[in-house]
**Student:** 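Got a structure for you, written out below as structure tokens; questions coming shortly.
Since the model is a prediction, treat every value here as computed from it, not as a measurement.
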Amino acid sequence: MSDQAPPYAPLPLVSSLPTDPNSTPPTNPTLVLPTPAFPNKRKRTGFRRKVPSGSPAAPAPSPAAPSQPPNPASAADDIIVINREPTAEAVTALTAGFPADSLTDEEIEAGVVSDVGGIEQVNYILIRNHLLCRWRETYNSWLAKEPFATLIPPHCEHLLNAAYSFLVSHSYVNFGVAPSIKERIPKEPTRPTTVVVIGAGLAGLAAARQLVAFGFKVIVLEGRKRCGGRVYTKKMEGSGRSAAGDLGGSVLTGTLGNPLGIVAKQLGLPMHKIRDKCPLYRPDGSPVDPEVDKKVEITFNKLLDKSSNLRSSMGEVAVDVSLGAALETLRQTDGGISTQEEKNLFNWHLANLEYANAGLLSRLSLAFWDQDDPYDMGGDHCFLPGGNGRLVQALAENVPIVYERTVHTVRYGGDGVQVVVNGGQVYEGDMALCTVPLGVLKNGGIKFVPELPQRKLDSIKRLGFGLLNKVAMLFPHVFWSTDLDTFGHLVEDPRRRGEFFLFYSYATVAGGPLLMALVAGEAAHNFETTPPTDAVSSVLQILRGIYEPQGIEVPDPLQSVCTRWGTDSFSLGSYSHVAVGASGDDYDILAESVGDGRLFFAGEATTRRYPATMHGAFISGLREAANITLHANARVAKTKVDRSSSTNTQACATILTDLFRQPDLEFGSFSVIFGGKASDPKSPAILKVELGGQRKKNATEGAKTEQNHSNKLLFQQLQSHFNQQQQLYVYTLLSRQQAMELREVRGGDDMRLHYLCEKIGVKLVGRKGLGPGADAVVASIKAERNRSRAKPGPSKLKKSMKPNVVAS
């Protein structure tokens, strides 16, 4: 969990070009794929105060060089050349959420290439990355396919068609509010299909806008009198002063690949980088000693690193332990925090962590609380001048929204859907998309007929949904320093550590002297019942304790607003987190459609990569627009979308992960779990290949072999620094005998890949692609291990943690 970007070595990749286009390509060209540095991860700190020394700034993709026509293809040169900047284009793909040099599960399911893992895949990725890069450079223009046809050799034209179709249909390109995008939206529906979207937050607006663009008839039902959901910009006024304050989602977390950043650019809106300077003040209002501050911050980060190591050593037990319990136990044994001021500072960092997760540390899963860190978008954290409501209003333009329609029942079946709102009015459609917050689903605010599948209900119950509240205050003038965007305040009572612990200055972006006080953790729950006048008085007491000793008078605010997101019936909380007993798989399960492609789900709690973020909600809406289109097309063609592989593997995903923690056989980057009887050579086995992690070496591995076969090139393509941090796993089913034969292959992982694909003749697939045949194997292996494993006694570590938790 270190914020220091690890070193990386150049990796062989044959698509690199020599400087001289007429020269002969070098024998072993290299393409270095640097990972964008994500200093101070969002989950590590809700507000990123400082950039640790040694953490480089995220490299911005350099502008692509003018494209050149490709060299004629030959038998000796199978990989196409599109331009001279494959590195920059790979980084652009990375920031957009693609593995820089491999396929996503969605691309595999879409069948973008005929043979996963060959040269065709490499060429597809180069084309995909190039298209994506061009769109990111020309986001105000419609990206057409035809201009790229001259850059692609004829034998790869089908790959251009596949890449372009996938990127457009899944809204990786040609989305947003630019005039060139809006002018292509049909004035009337071109499809007979009606989609009812429940909720006009970012997920609902993103989906509805894309569905309208795809020709669907869409109706959006919103319970509030406004759109935006948990993104709410309120105009505050008083005595001739006014300002726009974001009472809900306020920070664009990362701008390198953030699609909301693209929408902001299309609108011509500047983004204000939140500056790292964040002075902290003691309970009495005096400044914290910088040296003590630095010491405690280092200690806090070390304890987070130790908690990461701890969960690795605990294995399955970590699933049932909270992050708060682990940190408290480590703090007591570490001995680095001793004085009262150091304890107050440490509690401030805990409050900041609870802010990042909108959850109590005592409820955060030690095993999976930061499971989305590898996908954290690089770039600055920013405010949008004028508030994020400007994005909401632009996205809602010309989208058919009916307000004050509170949905209480959703019926779905083979003939379509019926959505019943307050007053008994029924909206009928072919499909429905539910985007309500997880808090509403947890509370049973909507009745589904038939009831949702038990696995989805279980995931709704397991995932956490926490709380963050704010006090927004409009003052007559700015009395605080304008050279900072944040400052913090400490308290002595650990139970109140999140009470007004952080202040955001909106003076430079809100249009007026606006200050925002944040309330996190346990304090956020207590705040729900605190009278607004008492809350504002407490905030003013803190501010006057800080500024009046400096000779600065703190005036009464002209207007104040206190949020109550926990008791807001349309949200019942702020955003999701991985609670004890849950995992990232629960986000996937929540995203699954039900009713044979009739009822779909979107929202920040349906994306395991970007939960608890505005862009996560937006991306989930685009994702479901693509899924709805896929099912609608299949229904028109009277075919059935085969999503069984996705559904079934997600059902056993957690079990599969647990089983591979203790593989029966391990060699190089390969690991195997066996089913059936050990004496039966034909008994089933599941093979997992790790692509992108540190390459494992066996003492028995021989010297390197020839590099002229496609699987060697494939393996080289997949070994990037990005995937060293975000490992890609592929799987296949085979027999025990085949697994044993594979282990004996000499020449390292590359030769094993060649043997696996060419000699045994199997295909490696993503976890979602194992299919129903693997479910029975996984279940039998799990059952056998349960039978052979003696019941463990209570974990000593787990027992020792419980009494040591202090207000976590």
**Student:** What residue among L543, L514, D556 forms side-chain contact (heavy atoms from CB on, under 4.5 Å) with F475?
**Tutor:** L543
**Student:** Within 45° of the axis and under 6.0 Å from the centre of the six-membered ring of F570, does NZ or CZ of R230 qualify?
**Tutor:** no
**Student:** Does E237, at its CD atom, have more than 12 non-hydrogen atoms belonging to other residues, nucleotides or ligands within less than 6.0 Å?
**Tutor:** yes
**Student:** Name the orientation class of the two ring planes belonging to Y355 and Y504 (parallel below 30°, tilted from 30 to 60°, perpendicular beyond 60°).
**Tutor:** perpendicular
**Student:** Would a distance-only check, ignoring hydrogens and angles, find a side-chain to backbone donor-acceptor pair under 3.5 Å from S571 to W565?
**Tutor:** yes
**Student:** Hey, could you give me each pair passing salt bridge (Lys or Arg N to Asp or Glu O under 4.0 Å) that has a residue in residues 566-577? Not counting sequence neighbours.
**Tutor:** R224-D568
**Student:** Under a 3.5 Å distance rule, please check whether W369 uses its side chain to pair with a backbone N or O of H577 as donor and acceptor.
**Tutor:** no
**Student:** Do the side chains of R608 and D372 get close enough for a salt bridge, i.e. N-O under 4.0 angstrom?
**Tutor:** no
**Student:** For E548, which residues count as a salt bridge (Lys or Arg N to Asp or Glu O under 4.0 Å) partner, sequence neighbours excluded?
**Tutor:** none
**Student:** Give me the atom names and distance for the closest heavy-atom approach of L474 to R241.
**Tutor:** CD2-O, 3.8 Å
**Student:** For residues L252 and H615, determine if any side-chain heavy atom of one lies less than 4.5 Å from a side-chain heavy atom of the other.
**Tutor:** no
**Student:** With a cut-off of 6.0 Å (strictly less than), are more than 12 heavy atoms of other residues, nucleotides or ligands near NZ of K235?
**Tutor:** no
**Student:** After noting the C-alpha distance and the side-chain angles of L323 and L353, does the key distance pass the side-chain contact (heavy atoms from CB on, under 4.5 Å) rule?
**Tutor:** CA-CA 10 Å; L323 175 65; L353 197 58; 3.8 Å; yes
**Student:** Contact between W348 and N344 at the side-chain level, heavy atoms closer than 4.5 Å - yes or no?
**Tutor:** no
**Student:** Output yes when a side-chain donor or acceptor of K442 lies under 3.5 Å from a complementary backbone atom of L463, and no otherwise.
**Tutor:** yes
**Student:** Do E528 and L467 have side chains that approach each other closer than 4.5 Å (heavy atoms only, starting at C-beta)?
**Tutor:** yes
**Student:** Examine distances only and state if a side-chain atom of R282 and a backbone atom of V288 form a donor-acceptor pair shorter than 3.5 Å.
**Tutor:** no
**Student:** Strictly distance-based, threshold 3.5 Å: is any side-chain N or O of R544 a donor or acceptor partner for the main-chain N or O of V554?
**Tutor:** yes
**Student:** Taking the side chain as every heavy atom from C-beta outward, state whether F500 and H489 have any atom pair closer than 4.5 Å.
**Tutor:** no
**Student:** Okay, side chain of R363, backbone of A579: is any donor-acceptor separation there less than 3.5 Å?
**Tutor:** no
**Student:** Distance alone, cut at 3.5 Å: any donor-acceptor contact between the side chains of T233 and D246?
**Tutor:** yes
**Student:** I'd like to check C278 versus L502 (side-chain heavy atoms, cut-off strictly below 4.5 Å). Are they in contact?
**Tutor:** yes
**Student:** Listed by chain and number, what are the side chain to side chain donor-acceptor pair (under 3.5 Å) partners of H525, not counting sequence neighbours?
**Tutor:** none
**Student:** Quick one: do R390 and V263 satisfy side-chain contact (heavy atoms from CB on, under 4.5 Å)? Show the steps, please.
**Tutor:** CA-CA 10 Å; R390 301 176 75 179; V263 175; over 6 Å; no
**Student:** Under the criterion side-chain contact (heavy atoms from CB on, under 4.5 Å), I'd like the reasoning laid out for L304 against L327: C-alpha separation, chi angles, the key distance, then a yes or no.
**Tutor:** CA-CA 7 Å; L304 277 182; L327 285 175; 4.1 Å; yes
**Student:** Taking N443 for its side chain and L572 for its backbone only, find out whether a donor-acceptor pair lies under 3.5 Å.
**Tutor:** no
**Student:** Okay, side chain of N357, backbone of G359: is any donor-acceptor separation there less than 3.5 Å?
**Tutor:** no
**Student:** Using atom types as modelled and distance alone, determine if a side-chain donor or acceptor of S574 lies under 3.5 Å from a backbone N or O of L468.
**Tutor:** yes
**Student:** Could you go through the salt bridge (charged side-chain N to carboxylate O under 4.0 Å, His left out) check for R495 and D493 one step at a time?
**Tutor:** CA-CA 5 Å; R495 293 171 298 180; D493 184 351; 3.3 Å; yes
**Student:** Under the 3.5 angstrom rule, does the side chain of S620 hit a backbone N or O of A617 as a donor-acceptor pair?
**Tutor:** yes
**Student:** For N301 and E297, does a side-chain donor sit closer than 3.5 Å to a side-chain acceptor?
**Tutor:** no
**Student:** Would you call the rings of F487 and F503 parallel, tilted or perpendicular, taking 30° and 60° as the class edges?
**Tutor:** parallel
**Student:** Would you say the side-chain atoms of N469 and T563 include a donor-acceptor pair closer than 3.5 Å?
**Tutor:** yes
**Student:** Any carboxylate oxygen within less than 4.0 angstrom of a Lys/Arg side-chain nitrogen, looking at K302 and D334?
**Tutor:** no
**Student:** Among E354, E492, E522, which one satisfies salt bridge (charged side-chain N to carboxylate O under 4.0 Å, His left out) with R497?
**Tutor:** E354
**Student:** Would you check if L590 and I460 make a side-chain contact, meaning some heavy-atom pair closer than 4.5 Å?
**Tutor:** yes
**Student:** Stepwise, does the side-chain contact (heavy atoms from CB on, under 4.5 Å) test hold for M516 with L518?
**Tutor:** CA-CA 7 Å; M516 197 86 69; L518 273 58; 4.2 Å; yes
**Student:** Ignoring hydrogens and angles, state whether a donor on the side chain of S583 or Q371 is under 3.5 Å from an acceptor on the partner side chain.
**Tutor:** no
**Student:** Regarding D320 and R462, does a basic nitrogen lie under 4.0 Å from an acidic carboxylate oxygen?
**Tutor:** no
**Student:** Kindly check if the number of other-residue, nucleotide or ligand heavy atoms within 6.0 Å of CD (Q550) is above 12?
**Tutor:** yes
**Student:** Looking at K294 and E291, does any basic side-chain N land under 4.0 Å from a carboxylate oxygen?
**Tutor:** no
**Student:** Are side-chain heavy atoms of C227 and Q393 found at a separation under 4.5 Å?
**Tutor:** yes
